[in-house]
Amino acid sequence: MSTCVIRGGLVVTSTGARDADVRIDGERIVDVGEDLPGGGVEIDAHGLVVMPGVVDVHVHFNEPGRTEWEGAATGSAALAAGGGTTFVDMPLNSTPCVLTAEDVDRKREALEAASIADFGIWGGLVPGHVDDLPAMAQRGVMGFKAFMCDSGLPEFPRADDETLRAGMIAARALGLPIAVHAESETLTRAAAARTSGDDAAAFLASRPIEAELEAIARALALAKETGAALHVVHVSSGKGVALAAEARARGVDVSIETCPHYLTFTADDLERLGVIAKCAPPFRDAAEREALWTALADGTIDVVASDHSPAPPSMRPSGQFRRSWGGIAGVQSTLAVLIERGFHERGVSLDRIAAIVAAMPARRFRIGRKGAIAPGRDADLVLVDLAKTHVLRSEDLRQRHPSSPYVGQTFRGIVRRTIRRGETIFADGHVAAARGGRFLRPGGNDIC
């Protein structure tokens, strides 16, 4: 569309909400205010909430090479159905993993050919590839991801402390963050060796909260030593958030991410849900979940991202936790969880939700023109009907494999329309675009 006015919605940004119109010219927002002049297309948003499009900085769309697990065409369609307009794809699960500049080029080409959402790319930090970080930065990666435990893929080995330290020094010089999967390999291996059986209880025992806390503390110490910007992904516990928050108060440059599944489920749910809910770190108890909600509401948590990581059903044999691939398929449900469990159930404000899914991830990773409803920004918007109740069905899912631990849950709030750079890519249950996603470099047109 060229010129468009979104008329009469409750416009929500990270700083508040008000009844207003949003005027779009081409790909950009040009005005936000009351009774804006018409012209071009008009979209009636009366009774709807208008929010910035979700910026999901943690997905596994596996382009290229493992698209039978998930690909950018299906993954970005699911993102759009959940109100998302931008994602950053992780460096592992694709073939090859993103460890060199050439790998970045291959992934970019594959994502440009398939995605309907705009996207960035994470590079990988693994032993033997620290010298590749500058060339990947030149290609435009958003930062570098490292595992502090076994990733499950031999081609993406864990980063030992020497590799992490060297990577942080290099990343600081490049002005890019290091993201860590924080679980101690030593503690998880020892815990797994002490457990027997193949059920939910054995899996939970093999990934104790102490393993997460030890790794977070170690990563924070390295970040303090090197001065690097650290992003701790998928923190599963209030205790983990507290560790990072305390370090931030002491001057460590750290941002904290959690996921909607840690805000929804507890360890008690794992037995009921089965291997579809296996993830690492695993679900924690109800007290840790509520501590996450408190940290989210008070501004301690910076980002909520999906960590969407599906796999074919054949890789998740029922009841066999040791053999099953871990990862939650939830890219379509992030905003739904935050509106239902946060806004409706706990009174978390809509502007706080907009901050953690749009404004703050865009700011932290310098994703220019994204994350806000304001003149000059990309016209990335989601229109939500807060009053509409729906039960998520497997046939509603747009991802490659229609299974998710959220299936069967009731949500108040439904995405009516998702707009990416002025173009509707999802509307009233239907994907409205085939491709068109654009590669995003950190700091490009940076007004965050």
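Counting from 1, the numbers follow the sequence of the chain as shown. Note: hydrogens, waters and symmetry copies are ignored here, and every other heavy atom, side chains too, is used.
Ion pairing of Glu290 with Arg346 is present here, as a side-chain N (NZ or NE/NH1/NH2) and a carboxylate O approach within less than 4.0 Å. Looking at Arg248 and Asp302, a side-chain N of the basic residue comes within less than 4.0 Å of a carboxylate O on the acidic one, giving a salt bridge.
Counting all heavy atoms, side chain and backbone alike, Arg207 lies closest to Cys149 at NH2-SG, 3.8 Å. The heavy-atom pair separating Leu176 from Gly143 by the smallest distance is CB-CA, 4.2 Å. Closest of all the heavy-atom pairs between Ile353 and Leu338 is CD1-O, 3.3 Å.
Atom CZ in Arg284 sits 12.0 Å away from atom OG1 in Thr266 (nearest 0.5 Å). Residue Met90 holds its CE atom at 13.0 Å from SG of Cys97, rounded to the nearest 0.5 Å.
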Let me see the working for Asp118 and Arg438 under salt bridge (charged side-chain N to carboxylate O under 4.0 Å, His left out), right down to the final yes or no. CA-CA 5 Å; Asp118 290 345; Arg438 185 175 294 169; 5.4 Å; no

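A side-chain donor from one of Arg364 and Ser255 sits under 3.5 Å from a side-chain acceptor of the other. With no hydrogens or angles considered, a side-chain donor-acceptor pair links Arg417 and Thr424 at under 3.5 Å.
Among residue pairs with one or both ends in residues 382-404, those qualifying as ring pair (Phe, Tyr, Trp, His ring centres under 6.0 Å) are His390-Phe411; sequence neighbours excluded. The ring pair (Phe, Tyr, Trp, His ring centres under 6.0 Å) analysis of residues 208-233, with sequence neighbours excluded, yields the pairs His231-Phe365.
Phe203 and Phe283 have their aromatic ring centers separated by at least 6.0 angstrom.
Using bins of under 30°, 30° to 60° and over 60° for the plane-to-plane angle, the ring pair Tyr262/His234 lands in the perpendicular bin.
In this structure Thr74 satisfies the side chain to side chain donor-acceptor pair (under 3.5 Å) test together with Glu70, sequence neighbours excluded.
Side chain of Ser324 to main chain of Phe321: no donor-acceptor pair is present (N/O by atom type, distance under 3.5 Å, no hydrogens or angles). Checking side-chain atoms of Glu185 against main-chain N and O of Asp150 turns up a donor-acceptor pair under 3.5 Å.
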